[in-house]
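Remember, it's a predicted structure, so these values are computed and weren't measured experimentally.
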There are 2 protein chains.
Amino acid sequence: MPKHIDHEQRREQIAEALWRVVEQEGVAQVSVRRVAQEAGLAVGSLRHVFPTRADLLEFSTELMLRRATERIRQVTPHEDIEEYACEVLEHLVPLTPASRIEFAVNLALYAEAPSVSQIGVLRDRAQHALQEGCRLLARRLGVPDVRVELEARRLHALVDGLALHLSGSVDAAEAEWAREILAAEVHRLHAAAAE
Amino acid sequence: MPKHIDHEQRREQIAEALWRVVEQEGVAQVSVRRVAQEAGLAVGSLRHVFPTRADLLEFSTELMLRRATERIRQVTPHEDIEEYACEVLEHLVPLTPASRIEFAVNLALYAEAPSVSQIGVLRDRAQHALQEGCRLLARRLGVPDVRVELEARRLHALVDGLALHLSGSVDAAEAEWAREILAAEVHRLHAAAAE
DNA sequence: AAGATATTAGCACGACTGTGCTAATACGTA
DNA sequence: TACGTATTAGCACAGTCGTGCTAATATCTT
């Protein structure tokens with residue numbers, strides 16, 4: 001029997017190389033050769049794991065969404081519901097370098113959605129999941145049922161808008177504003193519910 | 001003297017062809033040749049007006065921002081400040097096919113920012129202008145000075161988040177939700193100011 | 001009508017793309 | 001040690017890319 005390497009691990013290593021290229025040079029520079037080089041692999045080796053460019057893009061997108069989901073899931077439920085909500089929401093917005101790259105990759109790969117249809121499917125699924133998460137959060141904050149849908153959609157838009165703004169700059173002041181806005185929104189939802 | 005065509009008009013014609021390509025096939029398909037074909041021109045003719053690809057992308061981005069700015073500027077100030085605010089904000093969100101394409105192009109071209117640095121400059125300028133507009137709107141709605149910055153940033157994020165969500169689908173129901181969310185936010189800002 | 005020239009058309013080059021394919025390599029088993 | 005094969009490396013092809021460049025075209029002035 002020959003050498004046997006962990007395919008999944010290899011895939012993730014390559015996907016992370018792709019992320020670096022997207023972040024540093026833009027999605028336009030993402031080619032099979034460039035990603036292989038960034039990963040320190042020969043093109044042939046990369047293609048042994050990702051036969052086509054579409055496979056590569058699809059997995060890279062999926063892994064990014066999976067990582068983000070996992071990061072959110074690991075936020076331990078606080079007793080203070082407002083604090084917990086803020087903590088969750090702050091993971092959805094690129095406040096740290098890691099999540100900033102994540103969102104930039106997310107956005108950039110969406111630009112490829114028209115040519116790689118599977119990415120569009122992943123995007124829609126992620127958007128749906130995020131909206132469901134916002135609904136859950138709104139309910140937990142005590143928003144009355146009749147207002148949950150509106151407030152959830154609003155919260156979702158707010159989060160993605162902040163993410164969009166932060167994805168451009170790494171300014172610490174901008175990050176602080178984002179935190180403040182999220183806290184204000186969470187407080188508004190909770191306070192209105194207490195009436 | 002030879003034939004003399006309107007350069008500006010020609011430029012706009014080409015930029016609009018680029019937009020169509022971005023919308024229908026994604027930014028990855030934008031090449032000098034493809035855009036020339038879409039515009040019904042020879043590559044040489046296109047390059048007579050846009051010497052390089054970067055020039056083409058830069059102008060297309062700039063024109064899009066200019067058109068959007070002009071559209072907003074033409075909203076006549078209502079007497080009802082809430083109605084006026086809503087009307088302005090609804091122009092910032094891709095509710096109509098035209099503005100939907102506009103935002104899609106906007107988003108897609110941002111993906112090229114790392115390779116065409118001038119696009120990054122335009123993006124930052126547009127973002128800054130939009131934020132200033134939000135500040136102005138917040139003030140006109142009567143938001144107290146100490147809260148203007150926070151509320152303006154929140155409004156800006158909300159608008160861009162809604163835009164991001166709407167850019168994917170053309171669902172009429174989604175558009176209605178966006179209108180409702182914007183109206184609610186405008187009302188909240190105005191109502192809180194009345195206290 | 002004739003000349004001048006802005007405009008258009010398009011060839012050509014080198015670099016890059018994705019992918020089919022074969023040869024070399026390295027490693028676990030027998 | 002030697003075999004077999006998973007893995008790696010990389011060549012090759014057809015296509016597209018941006019762009020430098022020249023030749024043809026079309027139109028306005030004289």
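- Taking a 4.0 Å limit (strictly below) on heavy-atom distances, residues 33-55 of chain A reaches DNA chain D at Arg33(A), Ala42(A), Gly44(A), Ser45(A), His48(A).
- Each end of the helix from dA1(C)-dT30(D) to dA30(C)-dT1(D) yields a helix axis from five base pairs, and these two axes differ in direction by 0° (to the nearest 10 degrees).
- For Thr69(A), the side-chain hydrogen bond (donor to acceptor under 3.5 Å, both in side chains) criterion is met by no residue, not counting sequence neighbours.
- Distance Asp6(A) CG to dT8(D) C1': 17 Å, rounded to the nearest Å.
- Heavy-atom minimum distance, Arg154(B) versus Ile181(A): N-CD1, 3.8 Å.
- With sequence neighbours left out, the side-chain hydrogen bond (donor to acceptor under 3.5 Å, both in side chains) criterion links Arg11(B) to no other residue.
- Dashed line: the shortest gap from a side-chain N or O of Ser31(B) to OP1 or OP2 of dT16(D) is not under 4.0 Å.
- If you take CD of Gln9(B) and C1' of dA6(C), they are 17 Å apart, rounded to a whole angstrom.
- Heavy-atom neighbours of His78(A) NE2 from other residues, nucleotides or ligands within 6.0 Å: above the threshold of 12.
- Near DNA chain D, defined here as any heavy-atom distance below 4.0 Å, there are no residues from residues 16-24 of chain B.
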Show which side-chain atoms of residues 87-95 of chain A pair as donor or acceptor with protein atoms under 3.5 Å away, not counting sequence neighbours.
unit_1: His91(A); atom_1: ND1; unit_2: Glu87(A); atom_2: O; d: 3.1

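- Within the structure, every pair that satisfies the side-chain hydrogen bond (donor to acceptor under 3.5 Å, both in side chains) test and touches residues 170-179 of chain A, not counting sequence neighbours, is listed here: Glu174(A)-Arg153(B).
- The interatomic distance linking Gln29(B) (CD) with dC17(D) (C1') rounds to 12 Å, in whole Å.
- With sequence neighbours excluded, the residues satisfying side-chain contact (heavy atoms from CB on, under 4.5 Å) with Glu38(A) are Ala17(A), Arg20(A), Val21(A), Arg34(A).
- Residues satisfying the ring-ring contact (aromatic ring centres under 6.0 Å, His included) test with Phe59(B), not counting sequence neighbours, are Phe50(B).
- A sub-4.0 Å separation between OP1 or OP2 of dA6(D) and a side-chain N or O of Arg10(A) is absent.
- In the hydrophobic clustering, Leu136(A) connects to no other residue, as no ILVMFWY side-chain heavy atoms lie under 4.5 Å from its own.
- Legend: ring pair (Phe, Tyr, Trp, His ring centres under 6.0 Å) pairs involving residues 131-168 of chain B, not counting sequence neighbours, sorted by first then second residue: His156(A)-His165(B), His165(A)-His156(B).
- Rounded to an integer number of Å, the gap from His7(A) NE2 to dA6(D) C1' is 8 Å.
- When hydrophobic residues (I, L, V, M, F, W, Y) are linked wherever their side-chain heavy atoms come within less than 4.5 Å, the members clustered with Phe103(A) are Leu107(A), Leu164(A), Phe103(B), Leu107(B), Leu164(B).
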